[in-house]
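The structure appears below as structure tokens.
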Amino acid sequence: MDYKRVVKSKFIERPNRFIAYCNIDGCIEKVHVKNTGRCKELLTPNCTVYLEESDNPNRKTKYSLIAVEKGQRLINMDSQIPNKVVYEALMSKKLILPGLDEEIKFIKPEKTYGNSRFDIYVETENKKVFIEIKGVTLEENNIVMFPDAKTERGVKHINELIEAKKEGYICYIIFVVQMSDVTYFTPNKKMHKELGEALINAKNKDVNVLAYDCYIKPDSIKLKDKVKVIL
């Protein structure tokens, strides 16, 4: 996944979930933040961030904040990207999911099941598949975690995947780690204990719980390697 026009800037402040102020070569610019999570450990005063310039003249903001430098690590924090990255990898066959060795005959972003809408639906000759995707930007000492805030919606999605598995679907929850070279992924039980418990229950019910890191550049992101998952 490539971005069209990306500029480097310095983060100033984030007055709300959707808006931040950044310094681009001495000019203060109001920008859209493409991640409604807290991201407090990422967006610190004067950190280096990367902005995508929009070509839409009707937008209220000219730029969107898509990536941030945390020490020596570059982290993509565009919450719309993980779904696109997995979809792209499936289409190019760079991602072969465990248990899904048949050729994909049909793939569709977003499909409703029960009270949830899963991110990707896949059909092969003999299998029907639901994939739920979560982006991961929280990192401490090379360990990555999800979520950075409580997510009842996330728990609901996991429980719906368990129900879909009972109905004969092959089910995956994929955590897309929006950085590279991490040690392992684990649920952030201190933040949301119930989500961690739901993931353990899902794994015990044969829902595939996977994580992959990414190749990150300021203007691109691509799926990289499978990451160890510790529940």
Side-chain angles (χ1 to χ4, degrees), residues 1 34-43 66-90 94-100 118-120 129-162 165 170-217 221-231:
M1 172 66 196
K34 296 187 79 172
N35 190 317
T36 57
R38 293 179 180 178
C39 305
K40 288 184 178 180
E41 77 289 348
L42 297 179
L43 297 178
I66 57 170
V68 57
E69 290 182 4
K70 182 186 178 188
Q72 301 300 310
R73 188 189 295 278
L74 180 61
I75 300 174
N76 179 291
M77 52 177 289
D78 182 349
S79 61
Q80 298 174 10
I81 279 296
N83 290 16
K84 295 177 182 178
V85 166
V86 172
Y87 185 88
E88 185 180 83
L90 287 168
K94 290 182 179 178
L95 175 61
I96 305 296
L97 293 171
L100 194 63
F118 296 127
D119 292 316
I120 297 177
V129 180
F130 282 123
I131 303 171
E132 180 64 16
I133 301 162
K134 304 295 183 188
V136 180
T137 60
L138 179 60
E139 176 268 337
E140 292 180 9
N141 301 315
N142 282 349
I143 298 166
V144 286
M145 294 170 282
F146 179 91
D148 70 348
K150 283 194 173 183
T151 170
E152 299 301 334
R153 182 169 173 266
V155 173
K156 185 188 81 166
H157 283 156
I158 295 168
N159 290 331
E160 291 274 16
L161 281 174
I162 293 171
K165 175 63 182 174
I170 297 177
C171 296
Y172 300 85
I173 179 163
I174 299 178
F175 292 94
V176 175
V177 179
Q178 293 170 254
M179 63 195 88
S180 62
D181 302 322
V182 300
T183 306
Y184 64 85
F185 166 84
T186 191
N188 189 0
K189 295 177 183 177
K190 288 183 180 179
M191 177 56 67
H192 198 170
K193 181 182 177 183
E194 290 79 10
L195 186 131
E197 292 171 345
L199 283 173
I200 291 171
N201 185 36
K203 185 177 180 181
N204 290 338
K205 298 291 176 61
D206 295 323
V207 173
N208 297 275
V209 181
L210 305 170
Y212 296 86
D213 68 352
C214 293
Y215 294 103
I216 303 290
K217 292 182 180 179
I221 175 172
K222 291 178 175 61
L223 212 64
K224 188 182 176 188
D225 299 318
K226 194 173 181 179
V227 171
K228 183 178 182 181
V229 173
I230 297 178
L231 299 179

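Atoms considered below: every heavy atom in the structure, side chains included; atoms not considered: hydrogens, waters and symmetry mates.
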Task: Atom of P147, atom of L195 and distance for their closest heavy-atom approach - done: CD-CD2, 4.1 Å
Open item on the list: Donor-acceptor check, side chain of H192 to backbone of T151, threshold 3.5 angstrom: yes or no?
Closed with: yes
Task: Side chain to side chain, M191 and D148, heavy atoms closer than 4.5 Å - done: no
Task: Closest non-hydrogen atom pair between K134 and G154, with its separation - done: NZ-CA, 4.0 Å
Open item on the list: Has D213 got a side-chain atom pairing as donor or acceptor with D225's backbone, closer than 3.5 angstrom?
Closed with: yes
TODO: Kindly indicate, with the supporting measurements, whether the criterion side-chain contact (heavy atoms from CB on, under 4.5 Å) is fulfilled by V129 and C171.
DONE: CA-CA 6 Å; V129 180; C171 296; over 6 Å; no
TODO: Quick one: closest heavy-atom pair of V155 and E194, and the distance?
DONE: CG2-C, 4.2 Å
TODO: Mark yes when over 12 heavy atoms from residues, nucleotides or ligands other than K222 sit less than 6.0 Å from its NZ; otherwise mark no.
DONE: yes
TODO: First locate atom CE of M179, then atom CG of L74, and finally report the distance between them rounded to the nearest 0.5 Å.
DONE: 10.0 Å
Open item on the list: Tell me whether N201 contacts the main-chain N or O of E197 through its side chain, where contact means a donor paired with an acceptor under 3.5 Å.
Closed with: no
Open item on the list: Please check if the number of heavy atoms outside K94 that lie under 6.0 Å from its NZ is greater than 12.
Closed with: no
Open item on the list: Which heavy atom of P82 sits nearest to which heavy atom of G135, and what is that distance?
Closed with: CG-CA, 3.7 Å
Task: N141 side chain to I143 backbone, donor-acceptor under 3.5 Å - done: no
Open item on the list: Return the CG to CZ distance between L138 and R38, rounded to the nearest 0.5 Å.
Closed with: 11.0 Å
- [ ] Kindly indicate whether the side chain of P187, heavy atoms from C-beta on, has any atom under 4.5 Å from the side chain of L231.
- [x] yes
Task: Taking every non-hydrogen atom, the tightest pair across E160 and F118 - done: CB-CZ, 3.5 Å
TODO: Could you point out which residue of I173, V209, I131 forms a side chain to side chain contact (heavy atoms under 4.5 Å, CB included) with L161?
DONE: I173
Task: Note, V229 side chain near T186 side chain (heavy atom, < 4.5 Å) - done: no
TODO: Would you mind checking if K224 and D181 are paired as a salt bridge, meaning a charged N to carboxylate O distance below 4.0 Å?
DONE: yes
TODO: Spell out, as yes or no, whether a donor-acceptor pair under 3.5 Å connects the side chain of R73 to the backbone of S180.
DONE: yes
Task: Contact check, side chains of I120 and V86, non-hydrogen atoms, under 4.5 Å - done: yes
TODO: Please step through side-chain contact (heavy atoms from CB on, under 4.5 Å) for the pair V227 and L210, ending with a clear verdict.
DONE: CA-CA 8 Å; V227 171; L210 305 170; over 6 Å; no
TODO: Look up atom NZ in K228 and atom OG1 in T183, then write down how far apart they are to the nearest 0.5 Å.
DONE: 10.0 Å
Task: Pair I75-L42, side-chain contact (heavy atoms from CB on, under 4.5 Å): steps then yes or no - done: CA-CA 9 Å; I75 300 174; L42 297 179; 3.5 Å; yes
- [ ] Nearest 0.5 Å please: distance from the CG atom of D119 over to the CG atom of N83.
- [x] 4.0 Å
Task: Check: E139 main-chain N/O paired with K70 side-chain donor or acceptor under 3.5 Å - done: yes
TODO: Fit a plane to each ring of F146 and F175, take the angle between them on a 0 to 90° scale, and name the class: parallel (under 30°), tilted (30 to 60°) or perpendicular (over 60°).
DONE: tilted
- [ ] Could you tell me whether the side chain of E132 and the main chain of Y172 form a donor-acceptor pair under 3.5 Å?
- [x] no
Open item on the list: With rounding to the nearest 0.5 angstrom, report the OH to CG distance, Y212 to L223.
Closed with: 7.5 Å
- [ ] Check M77 against T137 and note the closest heavy-atom contact, atom names and distance.
- [x] CA-CG2, 4.0 Å
